[in-house]
Amino acid sequence: MTSALDAAESAQVPRLPALSERRRLRFAFLFVLYVCQGLPLGFFAYAVPAWMTRNDAPAAAVGGFVAAALLPWSFKFVHGVIMDRFTFLPMGRRRSWLLGAQASMVAGLLVLAVLDPAATATRQLLVLALLVSAAASVQDVAIDGMAVDLVPDDERGRANSLMFGGQALGLGGGAAVSG
């Protein structure tokens with residue numbers, strides 16, 4: 001009787017499509033995630049330094065800010081080693097890292113919006129840029145790992161071009177909209 005009840009319950013629950021089974025969904029997923037990681041990169045690498053410069057922040061402060069915003073991207077190889085070592089297997093090898101990185105990016109940007117620091121409050125800006133950029137670089141590594149696992153060899157070229165284009169679109173959009 002229990003198996004009949006389980007079968008009836010499972011028949012009523014709609015099953016979401018798997019990325020490994022749907023090519024267009026897989027491409028759209030990778031593209032959108034790369035747009036999402038490009039947005040803070042454009043914001044912190046272009047729009048905020050321009051805003052700081054326009055509001056008379058010292059050149060050394062602007063340079064330090066840009067360095068802090070881009071520094072986590074230099075340590076992506078470390079993120080990969082950590083991700084491969086520590087996983088939460090019920091969610092998959094990289095999904096927990098991806099969700100954590102997305103939540104951290106959103107939280108960091110919300111804190112930035114609430115604090116509304118002045119252009120000369122370089123320490124606050126620098127710390128928030130470092131944290132959000134670290135989350136974006138972790139997301140980049142997690143997505144790359146997921147892409148290797150999900151995308152068949154014959155589709156990797158197209159997937160990589162969509163991922164690169166998504167990040168470029170996000171970078172440009174982040175700089176333009178926030179600028």
Side-chain angles (χ1 to χ4, degrees), residues 27-88 91-147 159-179:
F27 286 160
F29 175 76
L30 294 171
F31 179 78
V32 167
L33 285 176
Y34 262 83
V35 169
C36 290
Q37 86 184 29
L39 288 169
L41 184 60
F43 177 68
F44 287 120
Y46 296 102
V48 173
W51 170 74
M52 290 173 71
T53 302
R54 180 160 171 86
N55 289 298
D56 301 324
V62 175
F65 175 82
V66 172
L70 298 178
L71 182 65
W73 293 89
S74 303
F75 292 102
K76 288 183 359 177
F77 67 94
V78 175
H79 302 328
V81 171
I82 292 170
M83 269 181 222
D84 286 343
R85 174 66 178 98
F86 301 103
T87 60
F88 182 62
M91 289 184 72
R93 296 191 56 80
R94 291 171 186 87
R95 192 174 301 139
S96 60
W97 287 99
L98 178 63
L99 293 173
Q102 289 246 315
S104 298
M105 283 192 304
V106 169
L109 292 171
L110 286 174
V111 167
L112 182 67
V114 168
L115 289 179
D116 192 21
T120 55
T122 54
R123 182 165 292 167
Q124 284 180 339
L125 290 168
L126 191 134
V127 168
L128 288 168
L130 186 65
L131 293 174
V132 172
S133 293
S137 66
V138 166
Q139 178 178 321
D140 180 58
V141 174
I143 297 168
D144 289 346
M146 285 178 76
N160 283 333
S161 65
L162 286 168
M163 290 159 52
F164 181 81
Q167 187 174 30
L169 183 66
L171 193 143
V177 170
S178 60

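On a predicted model such as this, the values are computed, not experimentally measured, just so you know. Values below: every heavy atom of this structure, side chains too, minus hydrogens, waters and symmetry copies.
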For Y46, I'd like to know if atom OH has over 12 heavy atoms of other residues, nucleotides or ligands within 6.0 Å. no

Minimum heavy-atom separation for L125 to P117, with atom names? CD2-CG, 3.6 Å

Would you check if V138 and Q102 make a side-chain contact, meaning some heavy-atom pair closer than 4.5 Å? no

Between V62 and T122, does a side-chain contact (heavy atoms from CB on, under 4.5 Å) hold up when you go through it step by step? CA-CA 8 Å; V62 175; T122 54; over 6 Å; no

Report yes if the side chains of F75 and S137 come closer than 4.5 Å at any heavy-atom pair, otherwise no. no

Closest heavy-atom pair and its distance - F43, P49: O-CD, 4.3 Å

From D140, L169, L171, residue fulfilling side chain to side chain contact (heavy atoms under 4.5 Å, CB included) relative to Y34: D140

What one should report as the nearest heavy-atom pair of S133 and A69 is OG-O, 2.8 Å

Any heavy-atom pair between the side chains of L112 and V132 that's under 4.5 Å? no

Using side-chain heavy atoms (C-beta onward) and a distance below 4.5 Å, is F29 in contact with M146? yes

Interatomic distance, D144 atom CG to H79 atom NE2 [nearest 0.5 angstrom]: 11.5 Å

Taking side chain as C-beta onward, heavy atoms only, is I82 less than 4.5 Å from V141? no

Reference residue L30; test side chain to side chain contact (heavy atoms under 4.5 Å, CB included); the match among L162, N160, I143, V35: I143

Any donor-acceptor pair under 3.5 Å linking the side chain of W73 with the backbone of A136? no

Among L130, L39, V66, L109, exactly one meets side chain to side chain contact (heavy atoms under 4.5 Å, CB included) together with F44. Which residue is that? L109

Between F31 and G165 the two heavy atoms that sit nearest each other are CE1-C, 4.1 Å

Nearest heavy-atom approach of P40 to M105 is CG-SD, 3.8 Å

